[in-house]
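Contents: one structure, followed by commentary.
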Amino acid sequence: MMDPKFLKPYSPQDTEPKIYKRYEESGFFSPETCVKEGITKPDAKPFTIMMPPPNVTGILHMGHGLMLTIEDILIRYKRMRGFRTLWLPGIDHAAIATQTKVEKDIQKTEKKTRHDLGREEFLKRIEKFADESHETIVSQIKTLGASCDWSREAYTLDEKRSLAVRTVFKKMYDDGLIYRGHRVVNWDPKGQTTVSDDEVSHEETKGKLYTFRYSKDFPIPIATTRPETKVGDTAVAVHPDDARYKEFIGKEFDISFVGVPLRIKIIADEEVDTEYGTGAVGVTPAHSMTDFEIAKRHNLPLKQVINEYAKMMVDTSELKDKKTKEAREIIVEQLKKEGLLEKEEEITINLSTADRSGGVIEPLPKLQWFVAVNKEFARPSGEKTTLKKIMRAAVESGAVKIIPNYFDKTYFHWIDKLGDWCISRQIWFGHRIPVWYDENGNTHHPKIIKVLLARHGESVAHTEHIIAGQLDSPLSKKGRVEAKELAKKLENSKITKIISSDLSRAEETARIVAESCGCKITTYKELREVDYGSLSKEKTVEGYSALRRKIDVNTGESLEELEKRAKNTLEIIKKETNSTEKLLVIGHRTFFSILDSTHKGLSNERFVEEREKWKMNTTEIKTLFFVSSPQEKNLTQDPDTLDTWFSSSLWTFSTLGWPEETEALKIYHPTDILETGYEIIFFWVARMIMMTGYVLGDVPFHTVYLHGTVRDDKGRKMSKSLGNGMDPMDIANEFGADAGRMALVVGNTPGTDTNISKQKIKGYKNFANKIWNASRFVLESIDTVGFDEKAELREEEKKRIEELQALSEDITKDIENYRFYLAAEKIYHYFWHTFADVIIEESKAMLKEGDEKARKSIVLCLYTILATTLKLLHPFMPFVTEEVWGSLPESALKTRGLLMVEEWPIE
RNA sequence: GCGCGCUUAGCUCAGUUGGUAGAGCAACCCGUUUACACCGGGUAGGUCGGGGGUUCAAGUCCCUCAGCGCGCACCA
């Protein structure tokens with residue numbers, strides 16, 4: 001019988017949370033569970049999307065809603081098509097944005113600055129904020145129906161990602177691709193940090209161009225928009241062919257400019273435009289990037305006259321400590337008074353501001369860390385390349401395809417102009433630069449150690465299905481064969497040293513391997529298997545791990561003791577690898593899992609859970625990476641942190657466990673699609689391509705799908721000041737997440753901005769109700785006529801099903817070609833205006849008056865169409881379709897129970 | 001300055017390899033004989049920004065002009 005819930009209008013509020021909970025309980029968001037449950041074939045092709053991690057700064061906006069919708073459509077579609085589908089979620093620490101937000105909050109509530117709190121306390125506050133923010137964001141993502149694998153959730157600042165960051169930093173440093181240097185950088189006086197070129201916006205504003213002479217006895221007039229910087233001039237550049245100034249080239253003048261003594265050299269440089277201004281440029285090496293370049297070419301001294309607070313550093317009573325703006329006025333006044341000002345013109349100039357803080361950028365000379373994008377380096381193959389070439393080649397070769405493709409040009413254009421990437425920030429929140437300095441200013445780096453782990457071969461106890469633990473059970477015959485196999489596998493690994501558990505099964509294995517690679521063995525009792533106490537010698541139980549049993553029975557080593565032993569072992573391993581040793585560790589499965597958990601920084605409460613996830617076969621080799629801070633005395637770590645995009649740029653592989661050679665990395669990388677907004681193509685997309693190309697010699701993804709900005713119904717950007725923002729949570733509450741998703745995706749073409757209105761969303765809420773009621777009609781018909789799966793279809797019904805088949809193919813093609821806007825519209829249109837308005841309407845008469853055969857045929861046809869359209873609609877509107885699916889007659893539901901893992905209508 | 005995109009019905013936008021225009025919303029008229037008023041049936045509405053070209057055929061390709069939006073760069 002039809003569920004009476006259909007007698008009421010559809011209620012997304014009651015349905016959606018319930019369905020999501022069922023999804024989470026099913027475990028089907030995890031591809032591994034799908035394989036285990038027989039939903040996905042073990043050899044199925046993988047399909048992977050790494051979720052662009054939302055910033056931990058606050059709550060989600062409509063743009064996130066769009067991102068989640070498009071990605072969920074792709075993921076659900078691929079899952080239904082039988083792919084091994086992974087959608088990995090995560091959160092970004094968003095260094096500057098988050099720090100600024102928390103700083104403001106603290107300033108507001110406590111009237112304190114971060115310096116009042118101190119680095120440690122301030123970071124604690126940020127972490128607390130980030131934790132809360134994280135919780136909100138996760139629950140919001142769930143509300144929107146995202147079917148992502150929460151068991152793999154990553155954070156750009158967690159232990160694993162931190163290891164990836166430090167590993168890459170060191171590798172790039174060793175390759176000469178990361179360097180520390182004195183450069184004129186974009187300084188944000190408001191945010192008190194440097195920012196990269198990409199974080200600076202240029203805005204046209206009115207300004208003045210002043211033409212003047214430094215002093216009466218100086219022969220060449222110059223023009224500038226920033227007279228206050230001119231007290232830092234060390235040269236005047238003219239074009240080498242400029243007849244007006246030729247005679248002065250090479251001469252030096254000692255003059256006094258507004259009371260400041262200057263030594264100005266006249267130099268010739270091709271870059272000077274004779275047409276502009278006076279054809280002579282006052283060169284200010286310390287406060288202009290181009291002048292800095294000129295100064296380098298001509299070996300000019302650099303004279304800093306503006307400080308970090310955008311205040312003057314010169315020693316005259318009029319100018320000292322004055323803000324740049326005031327200094328400008330003072331200088332212009334003085335020039336006028338002395339009759340040195342020749343001209344004052346109104347022009348438009350570009351004002352550079354920092355994206356995040358809005359502060360006016362002050363170019364300052366600073367010692368910072370950079371990524372060299374033009375420097376040649378050798379790949380492992382010996383081939384020479386540069387980071388820029390890697391970025392360019394990925395798209396040029398078609399290895400990475402950008403949708404829409406016209407963004408290729410924007411991408412290449414950006415690469416052409418790209419300079420070295422300043423990656424150090426003077427903020428506290430983020431990955432601290434992994435470099436230490438000693439008293440003499442020498443740099444020291446953490447050591448990245450790669451250690452191989454291998455299990456002993458099968459033991460006699462194993463053969464007998466007995467828990468061995470710290471019992472001494474020798475290798476079985478099979479175990480010795482396995483040890484030899486392991487030795488073979490390690491032949492090319494250049495092992496120089498083996499440490500092993502002192503239990504005989506491990507030691508025997510170690511000896512066999514040592515013989516083949518000719519290296520020494522040291523045994524440690526710290527490496528022994530877990531002590532299972534009274535459980536030793538007992539039979540193993542399938543699906544009930546010895547570790548869990550040990551806890552349940554409360555016998556043997558406690559988790560605290562295990563944690564302590566694991567920590568000691570990690571120290572031993574570090575010590576054993578302190579030179580150039582390549583270390584192999586032979587030990588035991590469960591203790592290795594505990595070692596791994598401890599290494600990841602997990603608390604001992606998670607040992608059991610992690611052990612049950614931990615898989616390690618005999619002869620399998622795992623890797624363990626360590627980053628150890630330099631041990632020398634009196635070292636100070638660099639106080640700066642890394643640009644947040646540095647960690648983001650490793651996202652596709654750091655999320656899969658790199659630098660460990662994980663199984664997941666082999667299966668899911670390169671990922672398939674990167675779906676994100678076009679505004680971060682440079683910040684993120686390009687840098688992921690660069691870093692992945694550098695680290696893995698591969699692309700991070702084969703397709704980039706760029707979506708546009710979500711705007712209000714008048715096409716305006718949503719903003720706080722306009723008050724036209726929409727909260728996706730409000731939308732979900734008022735209309736349902738399904739309706740919000742449809743409204744976001746219909747009419748949304750890649751790369752183009754979309755407008756959204758409550759009216760549009762309401763239309764799709766009505767559509768959800770339409771689905772509900774059409775389903776009710778079909779279920780009622782089944783109730784009255786009965787459902788015969790094998791009923792013979794009449795020609796009329798056959799034709800309708802064929803038509804739907806054609807539509808299914810059409811929609812499939814649209815999704816495959818990333819035309820979600822078309823697919824969504826087509827299925828919407830078919831459901832409402834063909835299925836409901838025509839097919840159902842026309843069936844009514846026959847259902848009443850037709851003969852048995854006709855009625856049976858019609859009911860089967862209605863059911864088939866409903867089931868098929870629910871499948872086609874599911875990626876777009878997961879909740880309502882799932883809810884209806886659950887009410888279809890049991891006899892009709894073939895297998896899986898959840899629509900989410902049903903098969904797509906097209907093969 | 002360089003580059004990119006947009007300009008199609010009142011509004012928001014589709015129109016995939018060229019075959020003489022579509023959707024949603026809004027408007028107007030009619031309808032309540034139970035799946036749904038969160039509804040049904042129907043009507044009206046566009047010389048596809050202007051100009052030129054290629055073609056049997058152009059919203060679709062080429063050139064050009066204009067308006068709007070965006071990105072990058074920048075001469076002090």
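Letters go in sequence order (proteins before strands), and every chain restarts at 1. Everything numeric in this text was worked out from a predicted model, so none of it was measured.
Between A/Trp414 and B/C4 there is no side-chain N or O to OP1 or OP2 distance below 4.0 Å. Regarding contacts with the backbone of B/A14, a side-chain N or O of A/Thr749 is found under 4.0 angstrom from either OP1 or OP2. Phosphate contact (OP1/OP2 of B/G15, side-chain N/O of A/Tyr821, threshold under 4.0 Å): present.
For the 3.5 Å distance criterion, the side chains of A/Trp645 and A/Asp198 fail to qualify, holding no donor opposite an acceptor. Side-chain N/O atoms of A/Thr284 and A/Lys303 include no donor and acceptor closer than 3.5 Å. A donor atom on one side chain and an acceptor atom on the other are found under 3.5 Å apart for A/Ser196 and A/Glu199. With no hydrogens or angles considered, no side-chain donor-acceptor pair links A/Thr274 and A/His239 at under 3.5 Å.
Set against B/A76, B/A26, B/A14, the side chain of A/Gln759 has B/A26 as its closest nucleotide. Ranking B/A14, B/A23, B/C38 by closeness to the A/His829 side chain, first place goes to B/A23. Among the nucleotides B/U12, B/C38, B/A35, the one closest to any side-chain atom of A/Asn773 is B/A35. Distances from the side chain of A/Asn755 to the nucleotides B/U16, B/U12, B/A14 place B/U12 closest. Residue A/Val272 places its side chain closer to B/A76 than to any other of B/A76, B/C39, B/A35. The side chain of A/Glu825 sits closest to B/A23 out of B/A23, B/G15, B/A76. Listed nucleotides: B/C38, B/G71, B/C39. Nearest to the side chain of A/Thr410: B/G71. Among the nucleotides B/C39, B/C38, B/G71, the one closest to any side-chain atom of A/Lys770 is B/C39. Distances from the side chain of A/Lys409 to the nucleotides B/G24, B/C4, B/C39 place B/C4 closest. For A/Lys230, the side-chain atoms get nearest to B/A76 when compared with the rest of B/A76, B/G71, B/A35.
Residue contacts for A/Gly763: at a heavy-atom cut-off of 4.0 Å it reaches no nucleic acid atom on any strand shown. Using a 4.0 Å heavy-atom distance criterion, A/Lys765 is classed as a base contact.
Taking atom P in both B/A27 and B/G15, one finds a spacing of 27 Å when rounded to whole Å. For the C1' atom pair drawn from B/G46 and B/C11, the interatomic distance equals 14 Å after rounding to whole Å. Atom P of B/C4 sits at a distance of 26 Å from the matching atom of B/A76, rounded to the whole Å. Separating the C1' atom of B/C62 from that of B/G18 is a span of 13 Å, rounded to the nearest Å.
Partner of A/Tyr764 under the ring-ring contact (aromatic ring centres under 6.0 Å, His included) criterion, chosen from A/Tyr828, A/Tyr10, A/Phe735: A/Tyr828.
Of the two residues near RNA chain B, A/Ala774 and A/Asp753, the one whose nearest nucleotide lies more 5' is A/Asp753.
The shortest side-chain heavy-atom distance between A/Glu816 and A/Tyr77 falls under the 4.5 Å cut-off. When side chains are defined from C-beta on, A/Met726 counts as touching A/Ile761, because their heavy atoms get closer than 4.5 Å. Side-chain contact between A/Lys206 and A/Glu346: present, with at least one pair of heavy atoms (C-beta onward) separated by less than 4.5 Å.
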ring-ring contact (aromatic ring centres under 6.0 Å, His included) assessment of A/Tyr705 paired with A/Phe820: CA-CA 12 Å; A/Tyr705 179 100; A/Phe820 314 115; 5.5 Å; yes
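Judged by a 6.0 Å distance limit and a 45° cone about the ring axis, A/Arg183 is positioned over the six-membered ring of A/Phe370.
Secondary-structure stems of RNA chain B, taken as three or more successive Watson-Crick or G-U wobble pairs (i with j, i+1 with j-1) under a 3.5 Å distance threshold, comprise B:1-7 with B:66-72, B:10-13 with B:22-25, B:27-31 with B:39-43, B:49-53 with B:61-65.
Residues from residues 834-848 of chain A with heavy atoms under 4.0 angstrom of RNA chain B, sorted by number: A/Ala836, A/Asp837, A/Ile840, A/Glu841, A/Lys844.
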